[in-house]
Each structure stands twice: as C-alpha cells, then as structure tokens.
Amino acid sequence: MNFFKIKTSWTNAELIPLKVCIAMAYLLVGAYFHAFVHTWYVPVLIVFGITVVWSVYSWLSKMKNSKWD
C-alpha cells in the first residue's frame with residue numbers, strides 16, 4: 001500500500017488549521033511546564049481539538065478526491 005507516497009497539493013489557506021493545531025500542541029506542552037500558560041489550558045485545548053478534527057478531515061477529503069496509484 002502506497003498510502004504515505006500519495007502526493008496532494010495544499011493551498012496556504014488549507015494549511016492554516018494544521019499550523020494552528022501544531023501551535024496549540026506546543027502551547028499545551030508549555031502549559032504543562034509553566035504556570036502562566038496553564039491559566040489558558042482549557043481554551044488552548046479546545047482550539048487544539050477543533051483544529052485536529054479540521055486538519056484530519058481536510059487531509060482525508062483530499063486523499064479521497066485524489067487518484068490512487
């Protein structure tokens with residue numbers, strides 16, 4: 001299965017949720033180690049969850065629409 005070799009093209013607008021998701025993951029790690037960021041733990045977790053679902057859905061829909069080799 002060539003699942004990891006399939007190439008898709010992403011626009012900058014489609015990469016925004018993925019980048020926000022990665023940024024939220026870094027903030028969650030920071031919240032674990034620092035008290036200041038810990039106060040923002042719940043909002044960061046909510047944004048992280050939303051962007052994870054959005055990114056995975058976008059990726060899977062692009063994979064579904066692309067041609068399988």
Side-chain angles (χ1 to χ4, degrees):
M1 183 167 154
N2 295 326
F3 183 72
F4 293 108
K5 293 182 181 181
I6 296 173
K7 297 190 187 264
T8 60
S9 60
W10 291 75
T11 63
N12 287 335
E14 291 172 332
L15 285 175
I16 290 172
L18 182 63
K19 290 178 180 182
V20 171
C21 175
I22 293 168
M24 292 298 113
Y26 282 123
L27 285 176
L28 284 172
V29 171
Y32 184 75
F33 293 108
H34 298 292
F36 174 75
V37 181
H38 187 68
T39 59
W40 295 97
Y41 187 74
V42 174
V44 167
L45 187 61
I46 292 170
V47 173
F48 175 70
I50 291 169
T51 55
V52 163
V53 171
W54 189 351
S55 298
V56 170
Y57 176 76
S58 297
W59 180 50
L60 291 176
S61 67
K62 280 195 158 295
M63 296 293 285
K64 182 179 175 184
N65 293 333
S66 67
K67 293 183 179 179
W68 293 84
D69 291 334

Visitor: Show me the donor-acceptor pairs, under 3.5 Å and distance only, between side chains in residues 17-27 and residues at least two apart or in other chains.
Guide:
none

Visitor: Using side chain to side chain contact (heavy atoms under 4.5 Å, CB included) as the criterion, list what pairs up with Ser61, not counting sequence neighbours.
Guide: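 In terms of side chain to side chain contact (heavy atoms under 4.5 Å, CB included), with neighbours along the sequence ignored, Ser61 is linked to no residue.
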Visitor: Could you pull out every donor-acceptor pair under 3.5 Å between side chains of residues 44-53 and any protein atom, sequence neighbours left out?
Guide:
unit_1 : atom_1 : unit_2 : atom_2 : d
Thr51  : OG1    : Val47  : O      : 2.9
Thr51  : OG1    : Phe48  : O      : 3.0

Visitor: In Å, rounded to the nearest 0.5 Å, how long is the span from CH2 of Trp59 to CD of Glu14?
Guide: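 The distance works out to 14.5 Å.
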